[in-house]
2 protein chains.
Amino acid sequence: MARNGLDINMIISRGAQLVNEVGLENITLKMIAEDLGVKTPSLYNHITGLEELKMQLMLYGWKQMEQRIMQSVIGVSGYDAIRAGCYAFYEYAIENPGLFNVMLWYNKFQNEETMEATSGLFSVLFKITSSLNISEENCNHIIRTLRGFLEGFSLLVNNESFGNPISIAESFELSINIIIEGIKTLEEIQGGIE
Amino acid sequence: MARNGLDINMIISRGAQLVNEVGLENITLKMIAEDLGVKTPSLYNHITGLEELKMQLMLYGWKQMEQRIMQSVIGVSGYDAIRAGCYAFYEYAIENPGLFNVMLWYNKFQNEETMEATSGLFSVLFKITSSLNISEENCNHIIRTLRGFLEGFSLLVNNESFGNPISIAESFELSINIIIEGIKTLEEIQGGIE
DNA sequence: TTACAAAAACTAATCGTATTAGTTATAATA
DNA sequence: TATTATAACTAATACGATTAGTTTTTGTAA
């Protein structure tokens with residue numbers, strides 16, 4: 001029926017590589033098109049524009065991260081699973097700095113597809129936290145605590161915003177310890193009340 | 001000697017208002033110039049370009065936030081001061097969503113002026129944490145924990161990334177409780193060792 | 001009071017990328 | 001082999017950032 005040169009998956013996966021190489025602020029359609037050996041307008045046969053591509057990259061990143069987190073928690077449970085999931089998140093984020101920026105910035109548009117991409121991730125987190133002796137509502141709060149810390153800390157690392165020369169790895173480890181210990185006290189308090 | 005129409009402070013303060021209104025992704029020099037009643041090239045007599053303006057806005061935001069945090073901890077100490085400082089950070093961030101995005105994205109360029117702007121903020125945090133029974137190194141780690149959580153959580157709130165309908169205010173309160181309780185266990189452990 | 005000079009503001013022009021309009025080429029299918 | 005859907009192309013447009021060069025203003029000093 002027509003030429004079978006590009007397809008949207010090629011554009012997205014190549015875009016993901018390029019955005020990690022040059023950063024979110026420098027990625028252009030022109031660059032992606034040249035990389036794929038076509039002229040810029042040809043991309044418009046597969047995407048509606050730069051904004052949609054960034055949305056697609058955001059979804060691509062979250063789906064990949066979900067896979068990594070799911071793999072990381074196989075065979076572990078409870079607080080060990082929380083720890084493993086946090087490390088998987090952090091490692092994916094710092095391995096993919098450009099893509100992670102896209103994931104953060106384009107997470108704002110709330111539509112069905114966005115929900116679908118991130119809901120899988122949250123259901124993993126929810127299953128982990130639900131195995132603890134904590135109310136469902138507090139599980140949801142805790143997921144927000146973890147999301148907040150993980151997104152913020154990863155962003156700070158990627159931006160090289162920590163001026164102090166002390167170890168970033170130790171900061172991350174201690175932070176996770178702090179949060180887990182904090183959650184444990186919550187569990188005890190709630191256990192006492194019930 | 002010359003006309004005294006604009007100065008850089010007018011551009012920055014007006015830019016800060018506008019970026020909160022239209023968002024980081026939509027702010028343009030053209031918009032700021034029109035708002036100030038001049039043509040776009042006139043801005044170049046005061047700034048080197050859009051990038052420098054964003055850097056200046058980033059510094060402006062961090063300095064303002066530092067003031068807010070310092071005021072918030074007057075008269076309180078220990079964990080109450082940590083709590084007050086965290087709330088001051090969060091409230092400033094959600095009151096200034098566009099500017100806060102600038103603060104996050106342009107925090108990457110590490111020069112003397114950047115350091116100066118954020119070092120004041122960190123010295124406040126360091127004074128607070130130093131009053132606890134925690135080693136200096138761990139104080140620095142804890143500051144990173146707090147920065148990570150506060151930046152990430154605020155970003156999630158500003159982007160409306162929390163799909164779940166449960167209260168964001170309660171999530172923040174519980175998160176701070178978790179982190180403070182986590183820090184307390186750290187303090188006890190270290191106290192026991194010493 | 002008036003001429004000067006520094007600096008700000010202006011107009012005109014350039015550049016780069018996104019996007020759109022309209023044309024050409026390809027490949028599956030009838 | 002002819003058709004046709006569709007992808008890729010060329011050409012053109014739009015818009016903002018930036019630069020070059022000109023004009024205007026205003027404090028200072030003759």
Side-chain angles (χ1 to χ4, degrees), chain A residues 1-60 98-99 101-103 105-106 108-109 111, chain B residues 1-60 98-99 101-103 105-106 108-109 111:
Chain A
M1 280 175 136
R3 299 191 195 182
N4 52 358
L6 294 181
D7 68 16
I8 189 164
N9 293 320
M10 290 169 66
I11 298 175
I12 292 171
S13 66
R14 203 70 200 101
Q17 287 185 260
L18 282 171
V19 78
N20 279 332
E21 290 171 16
V22 304
L24 171 57
E25 61 281 2
N26 296 315
I27 195 79
T28 62
L29 288 181
K30 181 186 172 74
M31 183 184 298
I32 296 171
E34 281 179 358
D35 187 88
L36 291 166
V38 299
K39 305 289 177 177
T40 312
S42 304
L43 299 178
Y44 286 80
N45 288 312
H46 307 280
I47 55 173
T48 64
L50 184 55
E51 282 300 294
E52 194 211 330
L53 177 59
K54 288 176 178 173
M55 286 284 289
Q56 295 290 341
L57 288 174
M58 182 270 288
L59 297 172
Y60 175 88
L99 191 54
N101 269 352
V102 179
M103 290 158 70
W105 293 127
Y106 289 83
K108 62 176 63 169
F109 308 111
N111 51 35
Chain B
M1 279 175 136
R3 300 191 194 181
N4 52 359
L6 294 181
D7 67 17
I8 190 164
N9 292 320
M10 291 168 65
I11 298 175
I12 292 172
S13 67
R14 203 69 201 102
Q17 287 185 261
L18 283 171
V19 79
N20 280 332
E21 290 171 16
V22 304
L24 172 56
E25 60 283 0
N26 297 314
I27 194 79
T28 61
L29 288 181
K30 182 186 172 73
M31 182 184 297
I32 296 171
E34 280 179 359
D35 187 88
L36 291 165
V38 298
K39 305 290 178 178
T40 311
S42 303
L43 299 178
Y44 286 80
N45 287 312
H46 307 281
I47 55 172
T48 63
L50 184 55
E51 283 299 293
E52 194 212 331
L53 177 60
K54 288 176 178 172
M55 286 283 288
Q56 295 290 339
L57 288 173
M58 181 269 288
L59 296 172
Y60 175 87
L99 191 54
N101 269 352
V102 179
M103 290 158 70
W105 293 128
Y106 290 83
K108 61 177 63 167
F109 307 113
N111 51 35

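Basis for what follows: all heavy atoms, side chains included, without hydrogens, waters or symmetry-related copies. Chain naming here is simple, since letters A, B, ... match the order of the sequence lines and numbering starts at 1 in each.
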- Beyond-backbone contact of B:L29 with B:Y44, side-chain heavy atoms, under 4.5 angstrom: yes

- Where is the tightest heavy-atom contact between B:I11 and B:H46, given as atom of each residue plus distance? CD1-CB, 3.7 Å

- Note on the structure: On a heavy-atom basis, the closest approach of B:D7 and B:M10 is OD1-N, 2.9 Å

- What integer distance in Å separates A:I8:CD1 from D:dT6:P? 16 Å

- Task: State whether the distance check finds a donor on one side and an acceptor on the other, under 3.5 Å, for side chain B:N45 versus base C:dA9.
- Result: yes

- Item | Gap between atoms CG and P, on A:D7 and D:dA8 respectively (whole Å) | 9 Å

- Note on the structure: Among the nucleotides D:dA8, C:dA8, D:dT10, whichever has the atom closest to the side chain of B:H46 is C:dA8

- Closest listed nucleotide, where the reference is the side chain of A:K39 and the choices are D:dC9, C:dT11, D:dG16: D:dC9

- Is there side-chain contact between A:Q17 and A:N20, with at least one heavy-atom pair below 4.5 Å? no

- Tell me whether the OP1 or OP2 atom of C:dT17 has a side-chain N or O from A:T28 closer than 4.0 Å. no

- Task: Could you tell me the separation between the CD atom of A:E51 and the P atom of C:dA18, rounded to a whole number of Å?
- Result: 11 Å

- Task: Please report the closest heavy-atom contact between B:L43 and B:A33, naming both atoms and the distance.
- Result: CD1-CB, 3.9 Å

- Which whole-number value in Å describes the distance from A:I27 CD1 to C:dT17 C1'? 13 Å

- Minimum-distance nucleotide to A:L50 side chain [options: D:dA8, C:dT19, D:dT19]: C:dT19

- Message: What is the distance, to the nearest angstrom, from the OH atom on A:Y44 to the C1' atom on C:dT19?
- Response: 5 Å

- Can you tell me the distance, in whole Å, between the CD1 atom of A:I32 and the P atom of C:dT17? 13 Å

- Nucleotide nearest B:P41 when distance is taken to its side chain, options D:dT18, C:dA9, C:dT17: D:dT18

- Item | Distance in angstrom units between B:L43 CG and C:dT11 P, rounded | 14 Å

- Nearest whole angstrom, please: distance from the P of D:dA7 to the CD1 of A:I47. 13 Å

- Output the single nucleotide from D:dT18, C:dA18, C:dA9 whose closest atom is nearest the side chain of A:L29. C:dA18

